[in-house]
Number of protein chains: 2
Amino acid sequence: MDTLLTRKLSNYVSLSSTDRSLLAKLLEPPRIVEPRVDIVEEGEDPRAVNVVLDGWACRYRQFEDGRRQIISFLLPGDCCDPYIYLLDRRDHAIAALTQVAIARIPGASMAELTARSPALALAFHREALAGTAIQREWTVSLGRRSGAERLAHLFCELHARLAAIGLADETSCPMPLTQPDLADALGQTTVHINRTLQDLRAARLLALKGRRLTVLDPDGLRHLAKFDPLYLHQTAARDASRRLEVVKL
Amino acid sequence: MDTLLTRKLSNYVSLSSTDRSLLAKLLEPPRIVEPRVDIVEEGEDPRAVNVVLDGWACRYRQFEDGRRQIISFLLPGDCCDPYIYLLDRRDHAIAALTQVAIARIPGASMAELTARSPALALAFHREALAGTAIQREWTVSLGRRSGAERLAHLFCELHARLAAIGLADETSCPMPLTQPDLADALGQTTVHINRTLQDLRAARLLALKGRRLTVLDPDGLRHLAKFDPLYLHQTAARDASRRLEVVKL
DNA sequence: CGAGGCGTTGAGCAGAATCAACAGGAGTGG
DNA sequence: CCACTCCTGTTGATTCTGCTCAACGCCTCG
């Protein structure tokens, strides 16, 4: 059984077939959420975990005056702790960007899982570490990268994350994000995103058409973004960067 | 035994005296790191945890061209996973800002701790959750808050975190950060920080002198920052906000 | 067919960066 | 003890990145 979730977790540890079937057993039947609909579970078991099985979602924060900031993107295999819903008021929400399939792993099941499979426990732990590393990288992007660098870095990140679950080939991947989405993620306006995008196209770094990103000049894009896939904690990516080191010598 | 670390953890769960003595037993003797010196432990046990016992530190990322971004501030009681040092190259570093006392909890001790004290295990887990929540809040700040709002929000955050460990009174707290530090944390230049600071002073919101922050108008500052202490996961703060709710009615 | 979201363009403006200079204080070495 | 340096804080002038406001074509969907 090979799902997007197991493919994702396999980036952190190698899973046995018993791990896979244990995981399949503990996952509740997924529910489907339509685009632009919030994924909310009020008053849920704090130890439970929600897993995106398919589709794209995002954490975001909305101010009263209309300003919106996307805090992170959730791709297939990504987990979100529902602990946030325990707070009196939610400080942020999670919304589907495309049609999303989401499954819950109840707290009791998580406990059983950690008890019975050290590999799965480690995989989920690393998934959490990778998530916070991505968040730190966003801090760096928003703080110190220029418009073009930010956009380039985000595309590199998403391409690498999609590649890790087999949803991207060497040079292209799906890109359902609209320009308003990109703007809210990168802390800019859609007008500016549009112009920066045109610069990247003019520089022959990438093409973006029909909800699909094609990277025309991977090295150029990575160099512009100062992108180093190491922080994603993907073993595959780490091997790739090792290979690059060798090439450089 | 009441240390800054136990005070911090007591914000998440109440600790018994056996919890406290267990923690004291498992902490290695602290080492002192001078200001501006990197806190590095290469090739360390990935399960180990480094705890700041006293002083201020920061995670930061430095680009070759000189740009620097401070990713987060580490205050007394804050933990940092050394797992980052396992990567081939470190993607970011941690430096002392003031003189810092830092203690290691080896991986084996962490295992013993989780096994013998569910309360401490939960406390450390919540500490990690609070850390990622703070990181998300920084994403929001850097993405969508104006210069003045960012500065105000950071001061609110730091004051609240210091208050939680008894290092701040109602209206003031130590503030060892220089304007270059603030600039690198908030993604701006020191010149701009300086001018924004003057605006905040002119608005009679705060005073900043002699490495000490005094909040002259707490409500005004919180309102400008749109600061809601909920995300810090401090039970004390949550109670305070509940009290505020009542007052509003 | 109309409405609304998305992508695009233009003109003007503002927040923040850059460049440059200087004062004050802390530490250092002669 | 003083001269020196370096860091911090501050100010002014200028530039530029990115925002605001506004308009329009395009497409999808009800």
Side-chain angles (χ1 to χ4, degrees), chain A residues 34-37 56 58 63 65-70 95-99 141-154 175-203 206-213 224, chain B residues 34-37 56 58 63 65-70 95-99 141-152 154 174-203 206-213 224:
Chain A
E34 295 301 316
R36 299 171 170 277
V37 174
W56 291 42
C58 70
F63 289 120
D65 60 15
R67 281 182 285 180
R68 188 174 86 129
Q69 177 66 39
I70 290 179
L97 290 167
T98 66
Q99 199 181 63
S141 270
L142 293 175
R144 286 292 180 221
R145 277 192 252 257
S146 70
E149 290 169 344
R150 272 183 224 191
L151 209 36
H153 197 279
L154 180 61
M175 186 52 57
L177 304 177
T178 64
Q179 291 183 10
D181 291 334
L182 291 170
D184 286 341
L186 300 178
Q188 294 178 313
T189 59
T190 85
V191 173
H192 196 66
I193 290 289
N194 182 290
R195 286 172 177 146
T196 308
L197 225 29
Q198 290 177 39
D199 293 342
L200 296 183
R201 284 193 267 239
L206 54 81
L208 191 55
K209 209 167 62 178
R211 306 283 104 139
R212 185 154 196 98
L213 168 71
L224 170 62
Chain B
E34 296 302 317
R36 296 170 173 278
V37 174
W56 291 41
C58 71
F63 288 121
D65 60 16
R67 283 181 284 180
R68 188 174 86 129
Q69 176 65 38
I70 290 180
L97 290 168
T98 67
Q99 197 182 64
S141 270
L142 293 175
R144 287 293 182 222
R145 278 192 251 257
S146 71
E149 289 169 346
R150 274 183 224 191
L151 210 36
L154 180 61
M175 185 52 58
L177 303 177
T178 64
Q179 290 182 11
D181 291 334
L182 291 170
D184 286 341
L186 300 179
Q188 293 178 314
T189 59
T190 85
V191 173
H192 196 68
I193 290 291
N194 183 289
R195 288 175 174 144
T196 307
L197 225 30
Q198 290 176 39
D199 292 343
L200 296 183
R201 285 193 266 239
L206 53 82
L208 189 57
K209 210 168 58 177
R211 306 283 106 137
R212 185 156 196 95
L213 168 71
L224 170 62

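All values below come from the heavy atoms of this structure, side chains included, with hydrogens, waters and symmetry mates left out. All values reported here derive from a predicted model rather than from experimental measurement. First the proteins, then the strands, lettered A, B, ... as listed; each starts at 1.
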Practice prompt. Would you please confirm or rule out a distance under 4.0 Å between OP1 or OP2 of D:dC19 and any side-chain N or O of A:T189?
Written response: yes

Discussion item. So if I define the base as every atom that isn't primed, P, OP1 or OP2, how would nucleotides 10-17 of chain D read as a B/S/- string at a heavy-atom cutoff under 4.0 Å?
Written reply: BBBB----

Worksheet item: Any side-chain heavy atom of A:T178 within less than 4.5 Å of one from A:L182?
Response: no

Worksheet item: Are any non-hydrogen side-chain atoms of B:Q99 and B:E34 less than 4.5 angstrom apart?
Response: yes

Response to the item:
When the rotation axes relating C1' atoms of four end pairs to the next four are compared across the helix from C:dC1-D:dG30 to C:dG30-D:dC1, five pairs an end, they differ to 10° by 40°

Worksheet item: For A:R211 and A:R144, take the nucleotide of DNA chain C holding the closest heavy atom to each; which residue's nucleotide lies nearer the 5' end?
Response: A:R211

Discussion item. What is the distance, to the nearest angstrom, from the CD1 atom on A:I193 to the P atom on D:dT20?
Written reply: 13 Å

Worksheet item: For the pair made of CG in B:L208 and P in D:dT8, what is the distance, rounded to whole Å?
Response: 14 Å

Worksheet item: Which nucleotide of DNA chain C is the first, and which the last, in the 5' to 3' direction, to come under 4.0 Å of a heavy atom belonging to chain B?
Response: C:dA16 to C:dC19

Worksheet entry | Residues in side chain to side chain donor-acceptor pair (under 3.5 Å) contact with A:H153, at least two apart in sequence or another chain | A:E137, A:R145

Are the side chain of [X] and the backbone N or O of [Y] linked by a donor-acceptor pair below 3.5 Å?
X	Y	value
B:R211	B:L177	no
B:T196	B:A148	no
B:Q69	B:A185	yes
A:S141	A:R150	no
B:R201	B:L208	yes

Spacing of [X] atom [atom1] and [Y] atom [atom2] [to the nearest 0.5 Å]:
X	Y	atom1	atom2	value
B:T98	B:R36	OG1	CZ	12.0 Å
A:L224	A:L200	CG	CG	6.5 Å
B:N194	B:Q179	CG	CD	4.5 Å

Got a list of protein N/O to nucleotides 28-30 of chain D N/O distances below 3.5 Å?
none

Practice prompt. Would you mind classifying the nucleic acid contact of A:R150 as base, sugar-phosphate or nothing, using non-hydrogen atoms under 4.0 angstrom?
Written response: nothing

Worksheet entry | Nearest heavy-atom neighbours spanning A:G187 and A:L142 | N-CD2, 4.1 Å

Worksheet item: Please, which pairs that meet salt bridge (Lys or Arg N to Asp or Glu O under 4.0 Å) have at least one residue in residues 176-199 of chain B, sequence neighbours excluded?
Response: A:R144-B:D184, B:R68-B:D181, B:R68-B:D184

